[in-house]
Amino acid sequence: MRPDELVLVLDFGGQYNQLIARRVRELNVYCEVVPYDISADEVRQLSPKGIIFSGGPSSVNSPEAPNCDPELYRLGIPILGICYGMQLMAKMLGGKVARGEKQEYGHVDLFLSGRSELFQGLGDSPEPLPAWMSHGDLVTEVPAGFVVNAYTANSPIAAMSDPERRLFAVQFHPEVHHTPWGKELMRNFLLRICGCSGSWTMQSYVQAKVEEIRQIVGNKRAVCALSGGIDSAVAATLVHKAIGNQLTCIFVNHGLMRKYEPEQVEKTFRDQFQMNLIHVNAADRFLAKLAGVVDPEQKRKIIGNEFIRVFEEEAAKLGEISFLVQGTIYPDVIESGTDKAAVIKSHHNVGGLPEDMKLALLEPIRDLFKDEVRVLAAELGLPEEIVWRQPFPGPGLAIRVMGEVTQEKCDLLRDADYIITEEIRRAGLYQQIWQSFGILTDTHTVGVQGDQRTYARVLAFRAVTSEDAMTADWARLPYEVLEKIAQRILNEVPGINRVVYDITSKPPGTIEWE
Ligand code: XMP
């Protein structure tokens, strides 16, 4: 079941396509990203209130340029073309597109000309509007019936429309943050031009997804690897809502979790949601495999492989299973290299699955951004601790224990890390900070405690602020918080006699030490 009001984003391969979808959802309108060559018949059947053509890397003048079904322009459904979408609209309807003499990348000043429904309420000040451009081609002649709505120093036609046919187009990117008023333009398109009511909510998303999952799964069975993190938790809860006991969750406890995390998983999924939960305590197995290993990438590989092995062994005991539920979210899809972004560290929740695995993937939150997943998690009734949990890497403490990973070192780190989390929460900083955690270094230093000379480990404390983990800055924490954390660790965790604060940003450092 789809919500009553749907907007389609035609995907021409642009890097901001999911961002367009996200902006539409932020304006409380349901939206789906579909391939650019969807036929006009299919669109008619879906009966969307509006269509958005995304940007894309091609030039409309190249022979391989992706085209949409020309019938789309005759459906009477409002269309908004963005960047490539604008050039395509111009070219297909008889206008002209050429290579710009100067290419525009980044910030530009946009000047409005005439009145347009799309820019309603935006052009009242004589100042130009700051906008974000990223294009090589530009429209040099509008098609018959179109008027020019905006220009920049290098683009005489930076926005155009044919109000009669309900066709609108902009050369800049209203969906990115650098076009600060872009959301207002999108609102004008969706509410004013398409007539959407803006009443869609995450609750309707849940209903639609639950229905969709039921249809896909039928009476078959699914399995899900729960990690305790928000993404797999939301995916599992959503699928459980749809198919109940046809879902079995497997929690592979690799012994590298933070303090009390396994208990939290039990409490939430077994006690609160009453899911079929298999808790495999495989700590010894993982530690045995990690014995003597110090190379970070090797640690990751061993953990990834062992994880899959344990998971498969457990799944095999369940009999006939057809689906594997994964908590893949949109940033994972990008980071794992489906587009041109290079793989920086190997993540093991996308790809990495054995090729002979015959399960079909069920990825119910694949289109969502992290903050949308949080809203969904709250909607599903997941506890605060999971909804607002800071990101935690799949290999767990193994990449925060420098050198060889041993039970003793993990326990030491767990105790120190717990104090950090407690104090950061107590200071009201937990949600503002992207991640705050301890790293157990392999360095020993001399200290003095109660007249006794000590020779013990150094604990590093790292706290970073970030938007998306691609870049990060070290957090300027109040001295009192730093002091309290150091004091407590030094008093309460024997085996650590020195605490240092990491003031490295990313780049050049990564967030994790390994
Ligand atoms: P780095 O250390 O590359 O980390 O700056 C960026 C973000 O990714 C998390 N991270 C991982 N997450 N599996 C995961 O699921 C992994 O192997 C992994 N490695 C790093 C890290 O905690 C940070 O949020």
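Excluded from the calculations below are hydrogen atoms, water molecules and symmetry mates; all remaining heavy atoms, backbone and side chain alike, are included.
- In the displayed structure, K370 atom NZ is contacted under 6.0 Å by more than 12 heavy atoms of other residues, nucleotides or ligands.
- Here the closest heavy-atom approach between residue G327 and residue I365 is recorded as O-CD1, 4.1 Å.
- Of the possible polar contacts, one joining the R214 side chain to the A242 backbone as a donor-acceptor pair under 3.5 Å is found.
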side-chain contact (heavy atoms from CB on, under 4.5 Å), that's the test. Do N276 and C249 meet it? Break it down for me. CA-CA 6 Å; N276 273 333; C249 290; over 6 Å; no
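- The aromatic rings of H173 and Y16 stand perpendicular to each other, their planes meeting at an angle above 60°, with 30° marking the opposite boundary.
- Counting only N and O atoms by type, the side chains of S155 and E104 include a donor and acceptor under 3.5 Å apart.
- Of the N and O atoms on the side chains of K91 and N61, at least one donor lies less than 3.5 Å from an acceptor on the other residue.
- Note on R22 versus D371: salt bridge recorded, some NZ/NE/NH1/NH2 to OD/OE distance being below 4.0 Å.
- In this structure, P66 and L88 approach most closely via the heavy-atom pair O-CD1, 3.5 Å.
- Judged by distance alone, the side chain of E141 and the main-chain N or O of G95 form no donor-acceptor pair under 3.5 Å.
- To the nearest 0.5 Å, atom CE of residue M86 and atom CG of residue L138 are 8.5 Å apart.
- Between A377 and I230, the shortest heavy-atom contact is CB-CD1, 3.9 Å.
- Under a 3.5 Å cut-off, the side chain of R476 and the backbone N or O of W474 do form a donor-acceptor pair.
- Inspection of the S436 and Q390 side chains reveals an N or O donor paired with an N or O acceptor under 3.5 Å.
- Listed for the T510 side chain is a donor-acceptor partner under 3.5 Å among the backbone atoms of E512.
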Side chain to side chain donor-acceptor pair (under 3.5 Å) for Q326 and S232? Distances and angles first, verdict last. CA-CA 6 Å; Q326 286 211 306; S232 63; over 6 Å; no
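- For the atom pair I243 CD1 and N219 CG, the distance stands at 10.5 Å (nearest 0.5 Å).
- A side-chain N or O of E42 and one of S39 form a donor-acceptor pair less than 3.5 Å apart.
- The 12-atom threshold is exceeded at NZ of K506, counting heavy atoms of other residues, nucleotides or ligands nearer than 6.0 Å.
- The heavy-atom pair separating C68 from L10 by the smallest distance is CB-CD2, 4.1 Å.
- Judged by distance alone, with hydrogens and angles left aside, the side-chain atoms of D137 form no donor-acceptor pair with the main-chain N or O of V97 at under 3.5 Å.
- Ring planes of F12 and F53: perpendicular class, angle over 60° (limits at 30 and 60°).
- Rounding to the nearest 0.5 Å places CG of L238 at 7.5 Å from OH of Y205.
- Looking only at distances, a side-chain donor or acceptor of T152 sits under 3.5 Å from a matching main-chain atom of N154.
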Let's go through Y73 and M89 carefully: what are the C-alpha distance in whole Å and the side-chain angles of both, what is the deciding distance for side-chain contact (heavy atoms from CB on, under 4.5 Å) to 0.1 Å, and is it a yes or a no? CA-CA 9 Å; Y73 299 109; M89 194 185 279; 3.7 Å; yes
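- Here CG of D41 is found 8.0 Å from CG of D69. Values are rounded to the nearest 0.5 Å.
- No side-chain donor-acceptor contact under 3.5 Å links R166 to the backbone of G76.
- D367 places no side-chain N or O within donor-acceptor distance of the main-chain N or O of Y330, the cut-off being under 3.5 Å.
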Worked verdict on M202 versus R25 for side-chain contact (heavy atoms from CB on, under 4.5 Å): CA-CA 9 Å; M202 250 326 159; R25 292 195 293 261; 5.7 Å; no
Intermediate values then yes/no, side-chain contact (heavy atoms from CB on, under 4.5 Å), V206 and L376: CA-CA 8 Å; V206 172; L376 181 53; 3.4 Å; yes
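- Other residues, nucleotides and ligands contribute at most 12 non-hydrogen atoms within 6.0 Å of the CD atom of Q203.
- Remark: I52 CD1 to C194 SG distance equals 7.5 Å, nearest 0.5 Å.
- Here the CD1-CZ distance, from I329 to F369, works out to 9.0 Å after rounding to the nearest 0.5 Å.
- Judged by distance alone, with hydrogens and angles left aside, the side-chain atoms of Q432 form no donor-acceptor pair with the main-chain N or O of L429 at under 3.5 Å.
- A tilted orientation is assigned to the rings of W200 and Y30, their planes being inclined by 30° to 60°.
- Using a 3.5 Å distance cut-off with no hydrogens or angles, the side chains of D473 and T465 do not pair a donor with an acceptor.
- Minimum heavy-atom separation, V387 to A378: CG2-N, 4.2 Å.
- With contacts defined as side-chain heavy-atom distances shorter than 4.5 Å, the pair F146/V139 does not qualify.
- For the pair M275 and R270, the minimum side-chain heavy-atom distance is 4.5 Å or more.
- Among all heavy-atom pairs drawn from Q272 and G381, the shortest one is NE2-O, 2.9 Å.
- For the pair R221 and F323, the NZ or CZ position fails the cation-pi test of under 6.0 Å to the six-membered ring centre and within 45 degrees of the ring normal.
- Under a 4.0 Å N-O distance rule, the pair R389/E261 qualifies as a salt bridge.
- Of the N and O atoms on the side chains of Q264 and T268, at least one donor lies less than 3.5 Å from an acceptor on the other residue.
- Residue-environment remark: NE2 (H107) exceeds the threshold of 12 foreign heavy atoms within 6.0 Å.
- For the pair D109 (side chain) and P128 (backbone), a donor-acceptor distance under 3.5 Å is absent.
- Ring geometry for F119 against W181 counts as tilted: the plane angle lies between 30° and 60°, on a 0 to 90° scale.
- For CZ of R115, the number of neighbouring non-hydrogen atoms (other residues, nucleotides, ligands) closer than 6.0 Å is 12 at most.
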